[in-house]
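Predicted model, so just to flag it, every value in this text is computed and none were measured. Per chain, numbering begins at 1; letters A, B, ... match sequence-line order.
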Amino acid sequence: MNATQLIAWFDAEARELPWRAPGTTPWGVLVSEVMLQQTPVHRVVDVWTEWLARWPRPSSLAAETPGTAVRAWGKLGYPRRALRLHAAATAIAVQHGDVVPDEVDALLALPGIGAYTARAVAAFGYGRRVPVVDTNVRRVLARAMHGLADSGPPSTSRDLSDVTRVLPQAQAARFSAALMELGAVVCTARRPRCGGCPVASDCAWLRAGRPTGNVAARPGQRYAGTDRQVRGLLLDVLRAAADPVPRARLDTVWPDAQQRERCLGSLLLDGLVQQTHDGRFALPGEAPAAITP
DNA sequence: GATCCGTGGTA
DNA sequence: TTACCAAGGAT
């Protein structure tokens, strides 16, 4: 893995994403990384821009209700991320003087910040030399280092060890960003564009003739009819509503009453939904005082 | 380690 | 059209 070559390619070819602009704060980086968890870049751009304009510091988000964060999250998906980001903002404001921590361990202690995001914030927000491992990095290294078509199951310790082996002393954070970019736009899962790859001459997989991986074994994530879909439908009603909605309104989104109740119950347990005193439902913190009949 | 947690673009 | 899957985290 030729770090100089890869970084030069990144300098010339990197996409201009708003959170990569000069002057982006560590808070901006943190927000972008949480939004990008399992979510394509093109869907994040507008929401991130809106969030950073509206809440330029952790304390400005912390001043809002959790429900406001969930509403502003829109349809990015996995709305628990919005709740946890709000909680992380609160923790940063209260416990860290409104300054995003620059150490991995402190970042890991924040809600919604795991092994990837903690290192991404330390690296991209603060320029720290820490290994950053996401799905792109794992795939690129599986091919370039190990000659395999795809990465095996994730193993935090082994993956970190692999990345540490190739991480340069200088410009480590930029190297990691370049590695991720390479996986996102060149060394993709479906149809890798090896013709345009800046490190093709170093690639074990290319050298081996691009062998195919194990075709079998993939559970496949279905969506239609799952609790995730039903939870999404329920929450969509609450996001769109200016006021708490009666249960009857929620009953219209899905025919299976038992599944509906289970999903509503899980949303309440997750703190994504709150019930008012008069029995209606709203996003958390947005339910006004009970209106007595 | 396996499972659950949204959403929508793409081949 | 169906199936895959995109900068993960928590349990």
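- Checked options A:Trp27, A:Trp19, A:Trp55; the residue passing with A:Trp48 is A:Trp19 (criterion: ring-ring contact (aromatic ring centres under 6.0 Å, His included)).
- Here the nucleotide nearest the side chain of A:Thr117, chosen from C:dG9, C:dA7, B:dC5, is C:dG9.
- Between the side chains of A:Arg119 and A:Ser176, no donor-acceptor pair of N or O atoms lies under 3.5 Å.
- Of the residues in residues 39-49 of chain A, those with a non-hydrogen atom less than 4.0 angstrom from any atom of DNA chain B are A:Thr39, A:His42, A:Arg43.
- Residue contacts shown for A:Leu76 include a base, since a base heavy atom lies under 4.0 Å away.
- Sequence order on DNA chain B of the closest nucleotides to A:Arg81 and A:Pro154 puts A:Pro154 first from the 5' end.
- Rounded to a whole Å, the CE atom of A:Met180 is 13 Å from the P atom of C:dA6.
- When atom types are taken as modelled, the side chain of A:Arg81 and the backbone of A:Gly112 share no donor-acceptor pair closer than 3.5 angstrom.
- With sequence neighbours excluded, the residues that form a ring pair (Phe, Tyr, Trp, His ring centres under 6.0 Å) with A:Trp73 are A:Trp51.
- Distance noted for atom P between B:dT3 and C:dA7: 23 Å (whole Å).
- Within the nucleic acid shown, A:Arg138 has no heavy atom closer than 4.0 Å to any nucleic acid atom.
- If you take atom P in B:dG6 and the same atom in C:dT11, they sit 14 Å apart, rounded to whole Å.
- Remark on DNA chain B: of its neighbouring residues A:Arg239 and A:Pro153, the 5'-side contact belongs to A:Pro153, judged by nearest-heavy-atom nucleotide.
- Rounded to whole Å, the distance from CG on A:Leu269 to C1' on C:dT11 is 14 Å.
- Nucleic acid contact for A:Asp227: sugar-phosphate only, since backbone atoms but no base atoms lie under 4.0 Å from a heavy atom of the residue.
- Using a 4.0 Å heavy-atom distance criterion, A:Gly114 is classed as a sugar-phosphate-only contact.
- Nearest nucleotide to the A:Arg190 side chain, out of B:dC5, B:dG9, B:dT7: B:dG9.
- Atom CD of A:Gln37 and atom P of B:dT7 are 16 Å apart (whole Å).
- Both A:Arg20 and A:Leu110 sit near DNA chain C, but only A:Arg20 has its closest nucleotide nearer the 5' end.
- Note on A:Leu83: nothing from the nucleic acid sits closer than 4.0 angstrom, heavy atoms only.
- Counting only residues at least two apart or on different chains, no ring-ring contact (aromatic ring centres under 6.0 Å, His included) pair has a member in residues 81-140 of chain A.
- Between A:Glu33 atom CD and C:dG8 atom C1' the separation is 11 Å, expressed in whole Å.
- The interatomic distance linking A:Arg84 (CZ) with B:dG6 (P) rounds to 10 Å, in whole Å.
- With 3.5 Å as the limit, one finds a donor-acceptor pair spanning the side chains of A:Thr252 and A:Arg249.
- Residue A:Arg80 has its side chain nearest to C:dG9 when only C:dG9, B:dT7, C:dA7 are considered.
- A donor-acceptor pair is defined here as one N or O able to donate and one able to accept, closer than 3.5 Å; such a pair exists between the side chain of A:Gln229 and the backbone of A:Gly225.
- Distance A:Asp134 CG to C:dG8 P: 6 Å, rounded to the nearest Å.
- Linking Ile, Leu, Val, Met, Phe, Trp and Tyr residues whenever their side-chain heavy atoms come within less than 4.5 Å leaves A:Val34 and A:Tyr78 in two separate clusters.
- Position along DNA chain C of the nearest nucleotide to A:Leu108 versus A:Ala189 favours A:Ala189 as the more 5'-ward residue.
- C:dG8 atom P lies 10 Å from atom OH of A:Tyr78, rounded to whole Å.
- As judged by a 4.0 angstrom heavy-atom cut-off over every strand, A:Ser32 is placed among residues making no nucleic acid contact.
- Applying the 4.0 Å criterion to OP1 and OP2 of C:dG8, one finds that A:Gln38 has a side-chain N or O inside that range.
- The distance from atom CH2 of A:Trp19 to atom C1' of C:dA7 is 9 Å, rounded to the nearest whole Å.
- Under a 4.0 Å N-O distance rule, the pair A:Asp162/A:Arg138 does not qualify as a salt bridge.
- Between A:Tyr223 and B:dT7 there is a side-chain polar atom (N or O) within less than 4.0 angstrom of OP1 or OP2.
- Side-chain proximity of A:Arg228 to the nucleotides B:dG6, C:dA7, C:dG8 is greatest for B:dG6.
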